[in-house]
2 protein chains.
Amino acid sequence: MNNETNSANPPRILVVDDEAAIRRFLQTVLSSGDFCVQQAENGHLALAAAAAFRPDLILLDLGLPDMDGVEVIKRLREWSKVPIIVLSVREREDDKVKALDAGADDYLTKPFGIGELLARIRVALRRAVQQAPAPIYKIDDLEVDLVHRRIVAGGREVQLTPTEYDLLRLLVTHAGKVLTHRQILRQIWGAGYVEQPHVLRVNISNLRHKIEKDSSRPRYILTEAGVGYRLKADF
Amino acid sequence: MNNETNSANPPRILVVDDEAAIRRFLQTVLSSGDFCVQQAENGHLALAAAAAFRPDLILLDLGLPDMDGVEVIKRLREWSKVPIIVLSVREREDDKVKALDAGADDYLTKPFGIGELLARIRVALRRAVQQAPAPIYKIDDLEVDLVHRRIVAGGREVQLTPTEYDLLRLLVTHAGKVLTHRQILRQIWGAGYVEQPHVLRVNISNLRHKIEKDSSRPRYILTEAGVGYRLKADF
DNA sequence: TGGTATCTTGATATATTCTTGATGACTTTA
DNA sequence: TAAAGTCATCAAGAATATATCAAGATACCA
């Protein structure tokens with residue numbers, strides 16, 4: 001996993017909101033606070049912009065026209081750890097909990113004070129200075145692009161089923177680390193499957209046939225007998 | 001054989017508030033949420049408790065009798081990065097900004113919902129876990145990474161069987177101490193095996209062949225004749 | 001509704017790990 | 001020195017874990 005940091009001053013902030021007035025307002029406030037601001041007006045544009053623009057922080061309104069805000073957070077969290085601050089008019093506690101549990105870092109209810117917003121942004125940035133792993137995992141002949149959900153093995157793109165993709169993503173995001181059968185089963189199939197490693201084995205086998213040159217001698221997905229599986233890492 | 005993976009202890013939370021009613025309330029709420037709770041009723045006790053108790057998270061009321069809450073945050077931040085969530089009755093934006101800039105991670109205004117509080121706690125803990133570096137035991141040429149379940153000896157990674165790994169983990173977590181045969185057998189094979197040191201010897205032998213340069217002259221796993229084994233410690 | 005892709009489950013061959021017994025080296029003690 | 005105990009190692013069969021194929025079940029889409 002290449003580890004490129006993208007923290008050149010000033011910090012870049014992506015503002016996601018469907019109301020142009022609010023985007024303009026935040027643009028003004030943040031620009032004068034020495035931030036570089038990019039805007040997106042719906043969920044799909046936000047995901048694309050997050051991948052292309054690589055912001056250091058995302059301000060996200062939950063009420064987007066094209067997709068649910070919580071879904072946007074989940075999709076972002078599939079590959080990125082960028083701090084997300086939710087700005088919402090909704091006051092319901094349930095929305096906050098869902099957004100925070102989906103991976104948001106903070107939640108502000110409109111209307112909010114500018115001073116507080118800037119302070120929350122400082123907190124999030126203070127914490128995040130360190131790391132920003134590239135969302136493309138590349139090792140030898142295997143390329144996994146978590147943003148575009150694209151897998152290339154041996155020079156050709158391979159199609160994975162949803163389960164296979166989830167499995168590979170889990171391995172990629174923990175590259176180098178041994179994941180026990182139970183950990184994988186709980187993550188992908190749910191707590192009720194932790195005692196059924198068979199379904200996992202079948203999927204590992206299928207995945208290997210799609211991404212390994214010689215599936216009987218795997219180079220990427222390594223078996224840790226009696227324990228679980230581990231994706232080869234480049235260290 | 002008990003082959004159970006290590007499950008983390010319940011996160012420890014330090015509650016700092018001068019009102020006993022609120023401490024009791026939080027104690028109840030948090031304990032049922034599977035947290036281990038410690039209390040402090042003023043700033044000085046909070047600082048002492050943070051040092052002694054080493055909580056994973058601090059819930060801090062700003063209105064303390066003996067010192068300003070912001071001062072408590074600053075003093076904590078002189079040596080600790082423990083997540084701090086401020087709980088305050090004050091609504092003034094200025095207080096929030098000061099607390100956040102002093103090093104607090106989040107700020108909730110009373111009254112707050114329990115669901116939201118728990119969600120904010122999960123966010124703070126989630127982040128703290130991510131940032132904690134993996135502890136690696138390193139003795140001369142032997143490297144044991146218990147998080148990644150990765151063993152490197154003599155510069156190359158070695159594959160251990162589950163039993164061998166459990167055995168090495170036991171030795172590593174008690175590095176420098178002599179573990180009797182009975183202690184090891186009870187831990188790894190169960191109480192029924194304490195009279196059968198043979199299995200242990202075979203596994204020690206196999207382990208040595210994998211991690212020692214010259215297994216007939218072990219440098220790491222030392223035999224304490226008539227007693228047990230001891231892993232060399234780097235002191 | 002039919003057709004397709006995916007998921008689940010069973011059967012079975014292969015591979016790994018565990019246990020156990022045999023053997024010899026070494027140490028301690030009589 | 002002999003005898004007894006402890007320790008290290010090897011190797012083979014037993015037990016367990018893993019990989020794979022394929023059929024039936026299910027979900028999804030046009």
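The figures that follow rest on heavy atoms only: side chains count, while hydrogens, waters and symmetry mates do not.
No side-chain donor from either of A:Ser80 and A:Arg75 sits under 3.5 Å from a side-chain acceptor of the other. For the residue pair A:His209/A:Asn206, the side-chain donor-acceptor check at 3.5 Å is not satisfied. Residues A:Thr28 and A:Arg23 bring no donor and acceptor atom of their side chains to less than 3.5 Å of each other.
Among the nucleotides D:dT20, C:dT6, C:dC18, the one closest to any side-chain atom of A:His209 is D:dT20. Of the candidate nucleotides C:dT8, D:dT9, C:dT17, C:dT8 has the atom nearest to the side chain of A:Val199. Comparing C:dT16, C:dT20, C:dT6 by their closest approach to the side chain of B:Gln196 singles out C:dT20.
For B:Arg201 and D:dT6, the shortest distance from a side-chain N or O to OP1 or OP2 is not below 4.0 Å. In this structure, B:Ser215 reaches the D:dT9 phosphate: one of its side-chain N or O atoms is under 4.0 Å from OP1 or OP2. Within the 4.0 Å cut-off from OP1 or OP2 of D:dA8, at least one side-chain nitrogen or oxygen of B:Tyr229 is found. Put simply, A:Trp189 has a side-chain N or O that comes within less than 4.0 Å of OP1 or OP2 on C:dT8. Regarding contacts with the backbone of D:dA19, every side-chain N or O of A:Ser216 stays at 4.0 angstrom or more from both OP1 and OP2. Residue B:Ser205 has a polar side-chain atom (N or O) positioned under 4.0 Å from OP1 or OP2 of D:dT9. OP1 or OP2 of D:dA8 has at least one side-chain nitrogen or oxygen of B:Thr223 nearer than 4.0 Å.
If you measure from atom CZ of A:Arg217 to atom P of C:dT14, you get 16 Å, rounded to the nearest angstrom. For the pair B:Asp166 CG and C:dT17 C1', the interatomic distance rounds to 13 Å; values are reported in whole Å. Rounding to whole angstrom units, CG of residue A:Leu185 and P of D:dA17 are separated by 14 Å. If you take OH of A:Tyr193 and C1' of C:dT8, they are 8 Å apart, rounded to a whole angstrom. Distance, B:Lys210 NZ to D:dA8 C1': 17 Å, rounded to whole Å. Distance A:Gln159 CD to C:dA5 P: 11 Å, rounded to the nearest Å. One interatomic measurement links the two molecules: CD of B:Glu212 to P of D:dT9, which rounds to 10 Å at whole-angstrom precision. Here C:dT17 presents its C1' atom at 18 Å from OH of B:Tyr165, a figure rounded to the nearest Å.
In this structure, CD1 on B:Ile188 lies 11.0 Å from CD on B:Glu164, to the nearest 0.5 angstrom.
Formation of a donor-acceptor pair under 3.5 Å by the A:Glu212 side chain with backbone atoms of A:Arg219 is found in this model. Within the 3.5 Å criterion, the main-chain N or O of B:Ile84 finds a donor-acceptor partner in the side chain of B:Asp105.
Both the sub-6.0 Å distance and the 45° axial angle are not jointly satisfied by B:Arg12 relative to the ring of B:Phe35.
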Base-contact (B) and sugar-phosphate-only (S) positions in nucleotides 21-30 of chain C, heavy-atom cut-off under 4.0 Å, - elsewhere: BB--------
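Ionic pairing of A:Glu195 and A:Arg182 is present here: one or more N-O contacts between side-chain nitrogen and carboxylate oxygen are shorter than 4.0 angstrom.
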